[in-house]
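Protein chains get the first letters and strands the later ones, always in sequence-line order, with residue 1 at the start of each. Just so it is clear, the structure is predicted and the values come from calculations on it, not from any experiment. For the numbers below, each heavy atom of this structure counts, side chains included, while hydrogens, waters and symmetry mates do not.
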Protein chains: 2
Amino acid sequence: MNYSVSEENYIKAIYNLNGNKQPVSTNALADIMATKPASVTDMLKKLKTKKLIIYQPYQGCKLSAEGVKVALNIVRRHRLWEYFLAEKLKFEWNEIHVIAEELEHVSNPKLIERLDEYLGFPRFDPHGDPIPDHEGKMQMLKQVKLTQLPLHTPAKVSGLTDQSTDMLELLRHSNICIGTDVEINRKFGFDHSVEIKIPGNPLFIISEQAAQHILVHHE
Amino acid sequence: MNYSVSEENYIKAIYNLNGNKQPVSTNALADIMATKPASVTDMLKKLKTKKLIIYQPYQGCKLSAEGVKVALNIVRRHRLWEYFLAEKLKFEWNEIHVIAEELEHVSNPKLIERLDEYLGFPRFDPHGDPIPDHEGKMQMLKQVKLTQLPLHTPAKVSGLTDQSTDMLELLRHSNICIGTDVEINRKFGFDHSVEIKIPGNPLFIISEQAAQHILVHHE
DNA sequence: AATATTTTTTAGATTTACCTAAAAATAAAT
DNA sequence: ATTTATTTTTAGGTAAATCTAAAAAATATT
């Protein structure tokens, strides 16, 4: 029921590579974990005996049902800490991941429940990724670039793919933050710029270049 | 410059046992660390080569100047997290220590500085122990039981030696919290109860039994 | 299909932080 | 001042997580 930091990191890596449900190769894991394939094989054997993965030699691996549960719990911890770092400690979005990698291994369950409550039960982290609840369920909204959002479709800003100060300046000027409700009112064919509607604000136009880097969630 | 969790725990233990400046014995350390003396000897050799302790076989050990610096940094992290857990996440005082033992090993310096700032640069943790600043300096006020506070001496409530719900109820009723400014106005010889003055509040009396468990700081 | 290439696993070492059991040094007691 | 008891250290071993080098299996190429 309690796993080492190393085990947790492998489980997390398998989970992240496994999005497509295809088995994860030993080399791919070695790459992500910045280690050697031989070391990965050792760990895969161990995780297999603990029934966290399904693994046959030379066939790659994938998480078992129990493994997914463990992975979701790690992801939950990681994303809650990311939210805390950005929202409360005012870290920039590009700094939070590394720190959360350390904090995520502090696994006291009551701590995580209290943190969740303290943060107001956020459902998305500052990168726009959904935060699993204490049962492992998470909201699976479509995340798309603002350029791909259909016309007149209510959406919520969930992340950025560019966190440069120039970008942040532009967003601040437009009153766009994580969580802001937006809708595309009109698209201009000429330069592909888009007209944005934010409830309570006047309409305004944003360039394709900028819109490309803004991620939004919608149903 | 970066130490393992185990190394940090030894340094912390030596620091805690070393308050009286006497060298710490191998057995005393083994006891605290819940390990065997032979294991302690191994670690002491390692810490010596890293110049964190002064150690001669059979002579016990004490922290070097560098060791003290490292220890104070660990203590700083521990106490800041304790403050966070009690103040923000509303944990009871008896729950915070164990969780802070885990969090204290997350050593990203910027995280700790931001946390300190977020908490408002507290100078005492919820147990009333001083929090070292980022240079390792801490306020060394006298901590005494309320029963031992001299008459008419301004002091600040810094901790409790009894955290039972009964005790907390009594304190809430008297408007006493961590950080409350108090002063003893009068002591009654008959039952050793004390009359308390809190700025802006009416005077009130508290039993010796209760006052014994309230810790205060004064100059 | 046979050979070459890539991927993965085995075999044997290393490091960290422990352990037990026995030896050596120190301290206490006769 | 010996002997006894305690404390501490050495010697040798274990488990976790890594490594290198070599063997084996799977995949790709001619």
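When the C1' atom of dT16(C) is taken as reference, atom NZ of K50(B) falls 10 Å away, rounded to whole Å. When the C1' atom of dC18(C) is taken as reference, atom CG of L47(B) falls 15 Å away, rounded to whole Å. Atoms NZ (K45(B)) and P (dT8(D)) sit 15 Å apart, rounded to a whole Å. Remark: P of dT8(D) and CG of D31(B) are 11 Å apart, rounded to the nearest angstrom. Here dT18(D) presents its C1' atom at 14 Å from CD of E7(A), a figure rounded to the nearest Å.
The side-chain hydrogen bond (donor to acceptor under 3.5 Å, both in side chains) contacts involving residues 52-65 of chain A comprise K48(A)-Q56(A), where partners must be two or more places apart or lie in separate chains. Note on residues 100-117 of chain A: pairs passing salt bridge (charged side-chain N to carboxylate O under 4.0 Å, His left out), not counting sequence neighbours, are K12(A)-E101(A), K12(A)-E104(A), R76(A)-E113(A), R76(A)-D116(A), K110(A)-E95(B).
K88(A) forms no cation-pi arrangement with F84(B), by the criterion of a distance under 6.0 Å to the ring centre and an angle within 45° of the ring axis.
For the OP1/OP2 pair of dT6(D) and a distance below 4.0 Å, the side-chain nitrogens and oxygens of N27(B) include no atom meeting the criterion. For dT7(D), the OP1/OP2 oxygens have no side-chain nitrogen or oxygen of S25(B) closer than 4.0 Å. An OP1 or OP2 oxygen of dA16(D) is reached within less than 4.0 angstrom by no side-chain nitrogen or oxygen of Y3(A). A close approach under 4.0 Å does not occur between any side-chain nitrogen or oxygen of S4(B) and OP1 or OP2 of dT16(C). The shortest distance between the side-chain N/O atoms of Y10(B) and the OP1/OP2 oxygens of dT16(C) is not below 4.0 Å.
Every residue meeting the side chain to side chain contact (heavy atoms under 4.5 Å, CB included) condition with N27(B), not counting sequence neighbours, appears here in chain and number order: S25(B), P37(B). A search for salt bridge (Lys or Arg N to Asp or Glu O under 4.0 Å) contacts involving K50(A) returns E7(A), not counting sequence neighbours. Residues passing the side chain to side chain donor-acceptor pair (under 3.5 Å) test with N2(A), sequence neighbours excluded: none. In terms of the ring pair (Phe, Tyr, Trp, His ring centres under 6.0 Å) criterion, residue partners of H97(A) (sequence neighbours excluded) are, by chain and number, H78(A).
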For residues 206-219 of chain B, dump all side-chain donor-acceptor pairs below 3.5 Å to protein atoms at least two apart in sequence or in another chain.
{"residue": "S207(B)", "atom": "OG", "partner": "A210(B)", "partner atom": "N", "Å": "3.1"}
{"residue": "H213(B)", "atom": "ND1", "partner": "T161(B)", "partner atom": "OG1", "Å": "2.8"}
{"residue": "H217(B)", "atom": "NE2", "partner": "G128(B)", "partner atom": "O", "Å": "3.1"}

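Listed candidates were dT8(D), dT18(D), dT9(C). Nearest to the side chain of T26(A) is dT9(C).
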Write out a two-atom table: protein N or O, nucleotide N or O from nucleotides 24-26 of chain C, distance below 3.5 Å.
{"residue": "dA25(C)", "atom": "O4'", "partner": "Y58(B)", "partner atom": "OH", "Å": "3.4"}

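Taken residue by residue, residues 36-44 of chain A places heavy atoms nearer than 4.0 Å to DNA chain C at P37(A), A38(A), T41(A).
Here the straight-line distance linking atom CD1 of I14(A) with atom CG of N9(A) works out to 11.0 Å at 0.5 Å rounding.
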